[in-house]
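Structure first, then comments.
Computed from a prediction, not measured in an experiment: that's the story for all the values here. Residue numbering restarts at 1 for every chain, and letters A, B, ... go by the order of the sequence lines.
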There are 2 protein chains.
Amino acid sequence: MPSYKAPLRDMRFLLNEVFDFPAHYRALANGGEATPDMVEAILGECARLCEEVIAPLYHSGDEEGCHLENGEVRTPKGFKEAYDAYVAGGWQGLSHPVEYGGQGLPMSLGALKQEMLGTANWPFSMYPGLSLGAMNTLMQHGTEEQKQTYLVPLTEGRWGGTMCLTEPQCGTDLGQVKTRAQANPDGSYALTGTKIFISSGEHDLTENIVHIVLARLPDAPKGTRGISLFIVPKFLPADGGPGPRNGVSCGALEKKMGIKASSTCVMNFDGATGFLIGPPNKGLECMFTFMNSARIGTAIQGVATAELAYQGALAYARERRSMRALSGTKEPGSVADPLMVHGDVRRMLLTQKAVAEGGRALVYLATQYADRMIEGILHKDERQYAHWDDKLGFLTPILKGCLTELGLESANLGMQVFGGHGYIREHGMEQIVRDARIATLYEGTTGIQALDLLGRKVLLMTRGKAVRDFTGQIARFAVDLLKTQPAMRGRALVLLKLAAEWNWLTLRIALRARKDRDLVSTASHDFLMYSGYAALAYAWALQEHAARQRLRDGGAESTDFYRAKLATSDFYFARLLPRAKGHAAAMLKPTGSVMGLASEHFVFE
Amino acid sequence: MPSYKAPLRDMRFLLNEVFDFPAHYRALANGGEATPDMVEAILGECARLCEEVIAPLYHSGDEEGCHLENGEVRTPKGFKEAYDAYVAGGWQGLSHPVEYGGQGLPMSLGALKQEMLGTANWPFSMYPGLSLGAMNTLMQHGTEEQKQTYLVPLTEGRWGGTMCLTEPQCGTDLGQVKTRAQANPDGSYALTGTKIFISSGEHDLTENIVHIVLARLPDAPKGTRGISLFIVPKFLPADGGPGPRNGVSCGALEKKMGIKASSTCVMNFDGATGFLIGPPNKGLECMFTFMNSARIGTAIQGVATAELAYQGALAYARERRSMRALSGTKEPGSVADPLMVHGDVRRMLLTQKAVAEGGRALVYLATQYADRMIEGILHKDERQYAHWDDKLGFLTPILKGCLTELGLESANLGMQVFGGHGYIREHGMEQIVRDARIATLYEGTTGIQALDLLGRKVLLMTRGKAVRDFTGQIARFAVDLLKTQPAMRGRALVLLKLAAEWNWLTLRIALRARKDRDLVSTASHDFLMYSGYAALAYAWALQEHAARQRLRDGGAESTDFYRAKLATSDFYFARLLPRAKGHAAAMLKPTGSVMGLASEHFVFE
């Protein structure tokens, strides 16, 4: 059973030596409090909470699951106590405004917290995680009264929150939403309809639950332009606390493959009282404001999955003995050599390590963008907001799409290192796979991320500029490497080639898609994965650069950590980046190879 | 929930139009009975049994699982009745000798049966499937008395069988086996030890269970050369039936990720009476005689998984509506277009289809080799046996390793097509993933298959001849295509290039591995996957050739089936084969990228 140990050394390396977060925070409007001492305190305290209180509930939470009894959901044993400890530490409001009960720190610190919480126990982390969605929506679109009423208890963690989008007939295609909202005489609305797949829709961790609900007003236009957003609390607020029970209830818990300790609810709205948030019929726009941040939250699941599976597999590979090394017996005194001597076991471990550490680097880069974007919101600086939101928006589908896929692969490799024992529940490795499997499905499937990236962010919104900008950044870094890091000449050339190829592929697709619109959908998956491997190459070169810098400058207490970074970068460029070749070759193939077969000819009897 | 429909049209295409099984059977010593009428009857009857009786128990078997009560294992509701129907049909002895109660048909027909049974309900199919292992061992190594006593009731299906290899401390590394066998005065042995992961070790389907057990004699040499093979029946035979209870019992059932309806037992041998089978200390050789066939049996799981996931996903993609086609609305009268219009959904479906149908073709090719190998055994023709066993032995790790990995990918794509609904148990798609996940672990992990292929079959045993022979066969076919099929000129050139590259890669590895032995283990996984994609390219070209032949010759009732084959072949060459590029590039990278990092530097605190 893997026991979580927060990878603080790696986190500090990224924060201080690769991305210079201290300078980033000094330059940030709300970064003043995020001093190195504060960051260090947060890392230490959060790691302790996650390792000692939250991680031990990971496996037992899966075994016990959630239970629905008389409309109430009982979370697994220990969850309530752990959540209380989390709330008592003030963790929920870490990066939300002080005036609404938070600590006002930058969003990137909230992401560090989410990463540790999520690696320790992803299903547990979904309860506070879903609240963040509701909090962000209220913060951006709520009235001052709504903020005082709902945002404050949510930020304090006393109340929980959800996002109610999906209905039985539609998930991705929200234009099909049917839930109705009728105006009440008092200005509130009566909501009627059924929502499914509502994470944290009902549970026993908080005294109230605030649902943010997509629904249609009676006179709303059809499709996506007729959807409004509502606040529907489980208990109607009264005197600053929860008052009478509202007409919203959990009709059933879904039986799922994994994340069993997270309640996934069918929510019935039976004339439930709701309050409009944001302008009528603009619900989708409001809902999507923080979509990029939410998707980065799910990208973190990829990193978390790879990290936890890596920790579990590494411990086993060091301990379990089987066969002898091909290059000759390594431990003649033992009955067999440890798994660590075998090339293929190392390939699996290094894949997990390269994904976890490379993915973590990309997430931290993205959270720096998010900090700047939020600064734009705080300063009401539309240009700044748009600039950083665009940069974040380009990375988001790449990270969500690619890191969750690679996280799932890493989880499967964790089982694989265990051999047949990986398939047995008590070892805990198969749970990681089951829990990771949701990540490529929710918050927009991988296919939706791929379309969002290629169709929307690259072609429609920026006509390729998004790729030009990011590859420009990579190319500038590579040119700098050529000038200053002779040892990284090879890497720099690979990065320059990738930057050129990425642009060339984008241009080819753009030109051909004018005549053959289907190309956007047939190329999208390979374009997404190619982009992911290219972005990870950048992330690894950044890390290698920082490590080489430290090794050159000397003065490090131990050089082992930095040398391990070079070795892992080596592995990434040698063994994982070559996959990009296959994706590059596949994406330009004629659309006929995918679209040619008539639907009725996919099977014959 | 996917409901299984045997893909008879595709099976007939392979049997009659691609591989000419009628001619194959006419030339085969035990193929006389396998007339086209007989084959057709087998297909029809087996399909009916699988679709109507066995498939309906797939999901309920997973929900209920197996239960251990007072040492007895209760299989899920309906399993006993289904097994009885299977036995009543004479299916267990289909391809085993008439003199021991079988029908004496070629092994390839047994594989067809296994494919249908396994696609309908893999966990169910493991009960008769494990018996085959015991039957084959007895057939090849048992005395006439042992055959009469054990093989006959096994062939009739009245008794079940198991293979007891794994112990807590060792799975792959069987040299570590500790179970002891002491000689009894009557010539039998008393076995003491613990075996784990014993599929079908205990159940309620048969009146007796015959365990084939690896154990050590008291004076046995250490390691793999000191292991002997024993027959240990649950009930000692008496008067042709089960007699007194033997000292072997099920200590526990493993809780697993999937295949929950298949009992996976901890088996305790407490001085259990056993009978030596084969020569002392030659147990591993005896056990491995039919290893290639057993591994082809697991390769079938890859095909079965891809097929069932494809059937489920296709039905959903045709029915579920979401968004509009990028190239413009296809069904304006409906609220949205069906999923089938989306390029990325088609990519997923066609991947499953290409894996299922391409993998099926490779399996059928392998079973023709197996038929010839077995004919060599029947004729006691050592040269014939060795020739076909070598050909089969080369394909075996490729098929077991690669098709189970691609089967798992296909199962995951099946969930992915369902979006969030794929994660919910009632839809049945996540069960396919959980059940498929074992396939890359048991019967030798993918890593072991990779080492078996590159280290043993290619380098050590044949010095590359195995690759030269198989690529020679591909090249001859490609040259023939160039002469006779102008429309396949492009494919022929791709095949010739693959054949050359495959040899070149092998040669490069062989040369470099002389100095750097680790290269065999660092290259093995990529070599395996490369080989799989190359073999699938051959399988798809064979199918395309046969389809084009039919389209050119005319006279087919409908051309749609053949055109669908061309489209799927197109997809394979355009979208899946490019992955081989990444594997080709990765396998030759220096071993340092994998072996360089010291074990103690994989993580830092």
Side-chain angles (χ1 to χ4, degrees), chain A residues 9 171-173 176 197 254-257 314 318 322-323 326-327 335-336 340 342-344 346-347 416 419-420 423-425 430 438 441-442 445 447 450 517-518 520-522 524-525 560-561 564 567 570-571 574-575 578-579 581-582 585-586 589 593-597 599 601-605, chain B residues 9 171-173 176 197 254-257 314 318 322-323 326-327 335-336 340 342-344 346-347 416 419-420 423-425 430 438 441-442 445 447 450 517-518 520-522 524-525 560-561 564 567 570-571 574-575 578-579 581-582 585-586 589 593-597 599 601-605:
Chain A
R9 182 66 189 89
T172 299
D173 190 1
Q176 295 186 45
F197 300 167
E254 301 286 359
K255 288 189 183 175
K256 309 183 299 289
M257 181 189 207
L314 178 61
R318 283 171 164 175
S322 185
M323 316 296 284
L326 280 191
S327 54
V335 63
M340 287 299 288
H342 300 303
D344 196 55
R346 289 176 149 260
R347 175 189 66 81
Q416 200 68 22
Y423 201 66
I424 306 300
R425 284 170 59 163
E430 62 86 41
I438 188 63
L441 296 167
Y442 62 10
T445 62
R517 189 74 192 137
D518 282 327
V520 176
S521 78
T522 62
S524 60
H525 177 80
D560 292 338
F561 176 84
D570 231 29
F571 177 84
R575 322 293 299 207
R579 297 180 184 181
K581 285 179 199 284
K589 292 285 159 60
S593 62
V594 176
M595 306 307 289
L597 186 59
S599 173
H601 295 159
F602 270 64
V603 73
F604 294 86
E605 301 210 337
Chain B
R9 182 67 189 89
T172 299
D173 190 0
Q176 295 186 45
F197 300 168
E254 301 286 359
K255 288 188 183 173
K256 309 183 299 290
M257 182 190 208
L314 178 61
R318 283 171 164 175
S322 185
M323 317 294 284
L326 280 190
S327 55
V335 64
M340 288 299 287
H342 301 304
D344 195 56
R346 291 176 148 260
R347 175 189 66 81
Q416 200 68 23
Y423 201 66
I424 306 299
R425 283 170 59 165
E430 61 86 42
I438 188 62
L441 296 167
Y442 62 11
T445 61
R517 190 74 192 136
D518 281 326
V520 176
S521 78
T522 62
S524 59
H525 176 79
D560 292 337
F561 176 84
D570 231 29
F571 177 85
R575 321 293 298 208
R579 296 180 185 181
K581 285 180 199 284
K589 291 285 159 62
S593 62
V594 176
M595 307 306 289
L597 186 59
S599 173
H601 295 158
F602 271 64
V603 72
F604 294 86
E605 300 209 338

With chain A, which of B:Asp518, B:Asp570, B:Asp344 has the greatest number of heavy-atom pairs at distances under 4.5 Å? B:Asp344
Less than 4.5 Å apart, side chain to side chain, heavy atoms only: is that true for A:Tyr423 and B:Glu254? no
What's the separation between atom CD in B:Glu430 and atom NZ in A:Lys256, rounded to the nearest 0.5 Å? 11.0 Å
Per-residue contact mode, A:Ile438 against chain B (heavy atom under 4.5 angstrom): both
Counting only non-hydrogen atoms closer than 4.5 Å, does A:Met340 touch chain B with its backbone (N, CA, C, O), its side chain (CB onward), both, or neither? side chain
Non-hydrogen side-chain atoms of B:Lys255 and A:Ile424 separated by less than 4.5 Å: no
Residue selection (most heavy-atom pairs with chain B, distance under 4.5 Å) from A:Gly420, A:Ser524, A:Ser322: A:Ser322
For chain B, find which of A:Gly582, A:Gly447, A:Gly596, A:Ser521 contributes the most heavy-atom pairs closer than 4.5 angstrom. A:Ser521
For A:Val594 and B:Gly343, which heavy atoms make the closest approach, and how far apart are they? CG1-O, 3.4 Å
Part of A:Arg318 within contact of chain B (heavy atom distance under 4.5 Å): side chain
Which atoms form the tightest heavy-atom contact between A:Leu441 and B:Gly419, and what is the distance? CD2-O, 3.5 Å
In terms of heavy-atom pairs under 4.5 Å with chain A, the winner among B:His525, B:Arg9, B:Glu605 is B:His525
Taking salt bridge (Lys or Arg N to Asp or Glu O under 4.0 Å) as the definition, give me every residue that meets it alongside A:Arg517, ordered by chain and number, with sequence neighbours left out. none
Side chains of A:Pro578 and B:Lys589: closer than 4.5 Å at any heavy-atom pair? yes
Could you pull out the closest heavy-atom pair between B:Ala336 and A:Gln176, with the gap in Å? CB-NE2, 3.5 Å
Results of side-chain contact (heavy atoms from CB on, under 4.5 Å) for B:Ala567 - residues two or more places apart only: A:Leu597
Among A:Arg347, A:His342, A:Lys581, A:Arg579, the residue with the most heavy-atom pairs under 4.5 Å to chain B is A:Arg347
Which portion of A:Phe197 sits near chain B, non-hydrogen atoms under 4.5 angstrom: side chain
Residues A:Arg575 and B:Ser593: closest non-hydrogen pair is CD-OG, 3.6 Å
Okay, B:Leu314 and chain A: the region with an atom under 4.5 Å from a heavy atom over there is side chain
Under a 4.5 Å heavy-atom cutoff, which of A:Met595, A:Gln416, A:His601 has the most pairs with chain B? A:Gln416
